[in-house]
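Remarks on the structure that follows.
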Amino acid sequence: MRCSPDIFLALRYLRPKRSLVSIITLLSVIGPALGVAVLIIVTAVFDGFDREMKQRLLGLQAHLMVYPAQRSDFESVAKIDDPTPVMGLLESKGLKAAPMIEDLALIQYRDTIEIKSMRGILPEKEIEITDLRDSIVTGTWDIQPGEVLIGVNLASTLGVDIGDTVLVHSPRKLTENVKWDESGEISMEETESVYLPEEAVVAGLFSFGIHQIDANMVYLHIDQAAEVMALDWGVATAVHCTSDHPFDLDPVTENLRGILRGYHIVTWKEQNERLFGALQVEKTLTTFLLFFIVIVAAFSIAGTLITSVTQKTRDIGILKAVGIGPGTIAKVFLIQGAVIGLLGTVIGTICGLLIIRFRDTVADGIATLIGHELFPSELYYLDKIPAWLTVKDTALIVGLAFFICVTASLLPALYASLLQPAKALAED
């Protein structure tokens with residue numbers, strides 16, 4: 001099979017030889033390969049982290065929260081005295097709603113005390129709002145007053161298991177007799193009531209797969225949560241609800257804000273706006289900076305081709321002397337740059353995809369080598385390295401990398417095409 005002179009010469013010049021140019025050519029291929037591999041890995045991990053966090057949060061959090069907007073001066077807790085009308089309105093808008101009580105609480109087991117987030121729920125309603133039932137590792141999710149659900153990480157910290165009894169203290173009750181007067185002096189008021197914590201038997205252990213939640217959350221029945229906070233039964237501190245369209249809540253949210261003027265309405269996106277905003281900024285900046293690896297690799301390709309042009313000066317002079325045009329000469333080195341860029345991007349893509357496929361094995365190996373956990377769940381919230389790579393992202397990375405590599409070969413190609421035959425043949 002015959003090929004055109006430019007392709008023939010380009011492939012011939014790329015043929016491995018025992019020379020410095022061959023070594024430089026090999027390094028030129030490694031440059032874009034590393035850049036593409038790193039970009040694919042970083043993009044996949046960032047997108048996977050973002051996607052995993054959204055999925056976990058949508059299973060853990062309600063899509064929309066309704067809070068009382070204000071509280072009276074004499075009230076210690078902002079509350080909804082009767083959440084039923086609010087729930088009815090939300091359900092009329094196609095949402096599934098449930099009352100909830102949430103606050104901080106002290107969880108005590110023997111001599112160990114931890115301050116954690118307490119959430120009071122109605123199990124029969126909660127099943128429609130969150131994935132709590134599906135997150136139960138052992139025990140039951142259908143708690144009654146006197147029972148508690150604890151995250152697996154918190155259970156490990158406290159040393160409790162199914163059937164153990166924990167004490168739930170209210171920080172508000174513990175401090176209600178401590179007063180500050182107008183001068184700033186602290187005084188202790190004597191009360192006739194005797195403070196007693198609430199007892200709760202561990203009925204189930206749950207795991208949402210997010211370390212911060214599994215280590216800092218407990219669930220009580222809403223009636224017992226009301227007892228902990230010294231509220232009347234039937235009261236809620238919020239109403240949370242879900243929608244069949246969690247990514248398109250703006251129309252219903254605006255409508256509800258016009259109707260429920262005495263309430264504060266927050267969507268799940270607004271609750272996690274800072275988290276997702278930080279993730280997007282990190283991804284954008286990291287991807288931008290890592291593209292400099294490909295740009296550096298492109299300079300390496302340009303240097304390789306300039307060296308090749310210098311070594312092939314006499315050949316270029318002979319080719320021009322026998323009638324080969326400047327365009328064909330330029331194509332020779334453009335094809336060289338394209339082949340180097342293509343090899344680099346293909347090798348980088350394969351390496352990047354393989355590392356993503358076996359990312360946990362690779363992470364464990366690196367952790368063993370450096371003696372330090374590479375992806376601590378306490379810091380990154382998730383219990384494993386997530387990854388999500390789309391065809392669009394892969395094509396964008398590969399396409400841009402290849403374009404940069406080909407662009408880098410333009411200068412050497414132009415230089416070669418402008419060489420004068422007489423001057424080139426005069427070179428030693």
Side-chain angles (χ1 to χ4, degrees), residues 47-72 75 77-103 117-135 141 206 208-210 212-213 217 219-222 225-226 231 234-281 283 381 388 390:
D47 285 348
F49 190 83
D50 182 76
R51 181 172 180 264
E52 190 75 13
M53 285 297 293
K54 285 181 179 178
Q55 288 182 341
R56 297 285 179 89
L57 289 172
L58 284 175
L60 167 68
Q61 295 181 342
H63 301 162
L64 190 143
M65 299 287 295
V66 179
Y67 296 101
Q70 296 179 343
R71 68 183 186 193
S72 302
E75 292 180 332
V77 180
K79 63 183 186 293
I80 303 173
D81 292 319
D82 184 8
T84 304
V86 177
M87 292 169 56
L89 176 62
L90 294 170
E91 289 169 353
S92 70
K93 301 296 181 180
L95 303 173
K96 298 175 182 177
M100 180 180 68
I101 289 177
E102 58 180 351
D103 199 5
S117 295
M118 175 194 68
R119 184 169 289 181
I121 60 169
L122 275 176
E124 62 271 21
K125 284 286 189 178
E126 191 70 17
I127 190 175
E128 300 177 344
I129 308 300
T130 66
D131 294 336
L132 178 60
R133 183 177 67 171
D134 297 332
S135 302
W141 69 278
F206 65 85
F208 283 100
I210 301 178
Q212 291 295 97
I213 302 302
M217 182 74 73
Y219 287 88
L220 295 174
H221 191 278
I222 193 169
L231 298 174
V235 169
T237 60
V239 172
H240 59 163
C241 50
T242 56
S243 168
D244 293 332
H245 308 285
F247 294 95
D248 188 27
L249 285 174
D250 291 342
V252 68
T253 301
E254 291 302 318
N255 182 257
L256 288 172
R257 283 173 177 160
I259 300 172
L260 297 172
R261 296 187 178 275
Y263 296 88
H264 182 51
I265 300 173
V266 182
T267 66
W268 70 275
K269 288 183 180 180
E270 293 168 341
Q271 283 184 309
N272 301 284
E273 184 177 5
R274 300 180 76 178
L275 171 62
F276 294 132
L279 285 176
Q280 186 59 45
V281 170
K283 177 188 174 183
Y381 302 107
W388 176 257
T390 63

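Bear in mind that the values here come from a model prediction, so they are computed numbers and not experimental data.
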Exercise. What is the minimum heavy-atom distance between Ala238 and Met65, and which atoms define it?
Worked result: CB-CE, 4.0 Å
Problem set entry | Shortest non-hydrogen contact from Ile265 toward Thr253 | CG2-CG2, 4.1 Å
Exercise. Which value, rounded to the nearest 0.5 Å, describes the distance between His240 atom NE2 and Leu64 atom CG?
Worked result: 11.5 Å
For this session: Kindly indicate, with the supporting measurements, whether the criterion side chain to side chain contact (heavy atoms under 4.5 Å, CB included) is fulfilled by Ile80 and Tyr263.
Result: CA-CA 9 Å; Ile80 303 173; Tyr263 296 88; 3.9 Å; yes
Exercise. Got a sec: does the CH2 of Trp141 have more than 12 other heavy atoms crowding it under 6.0 Å?
Worked result: yes
Problem set entry | His63 (side chain) donor-acceptor with Ser243 (main chain) under 3.5 angstrom | yes
For this session: With side chain to side chain contact (heavy atoms under 4.5 Å, CB included) as the test, would you mind laying out the steps for Thr130 and Ile121 before giving the verdict?
Result: CA-CA 11 Å; Thr130 66; Ile121 60 169; over 6 Å; no
For this session: Please report the closest heavy-atom contact between Pro99 and Met87, naming both atoms and the distance.
Result: CD-SD, 3.6 Å
For this session: Compare every heavy atom of Thr242 with every heavy atom of Ile129, then report the nearest pair and how far apart it is.
Result: O-CG2, 3.0 Å
For this session: Measure up the Tyr219 and Phe208 rings against each other and bin them: parallel (under 30°), tilted (30 to 60°), perpendicular (over 60°).
Result: tilted
Problem set entry | Non-hydrogen side-chain atoms of Asp103 and Thr237 separated by less than 4.5 Å | no
For this session: Using atom types as modelled and distance alone, determine if a side-chain donor or acceptor of Thr267 lies under 3.5 Å from a backbone N or O of Asp250.
Result: no
Problem set entry | Residue list, salt bridge (Lys or Arg N to Asp or Glu O under 4.0 Å) with Lys125, at least two apart or on another chain | Glu91
Exercise. Got Ser117 and Glu102 here, is their nearest side-chain heavy-atom distance under 4.5 Å?
Worked result: no
Exercise. Are any of the side-chain heavy atoms of Lys79 and Leu231 separated by less than 4.5 Å?
Worked result: yes
Exercise. When rounded to the nearest 0.5 angstrom, what is the spacing between CD1 in Ile101 and CG in Leu220?
Worked result: 9.5 Å
For this session: Could you tell me which non-hydrogen atom of Asn255 sits nearest to which non-hydrogen atom of Lys93, and how far apart they are?
Result: OD1-NZ, 2.9 Å
For this session: Kindly say whether Met217 contributes a backbone atom to a donor-acceptor pair with the side chain of Arg119 at under 3.5 angstrom?
Result: no
Problem set entry | Value rounded to 0.5 Å, distance of CG in Leu90 from NZ in Lys96 | 14.0 Å
For this session: For Ala62 and Cys241, work out which heavy atoms get closest and say how close.
Result: CB-O, 3.4 Å
Exercise. Distance-only, no hydrogens or angles: does the Trp268 side chain make a donor-acceptor pair with backbone N or O of Pro246 under 3.5 Å?
Worked result: yes
Problem set entry | CD1 on Ile259 to OG on Ser92, rounded to 0.5 Å | 7.0 Å
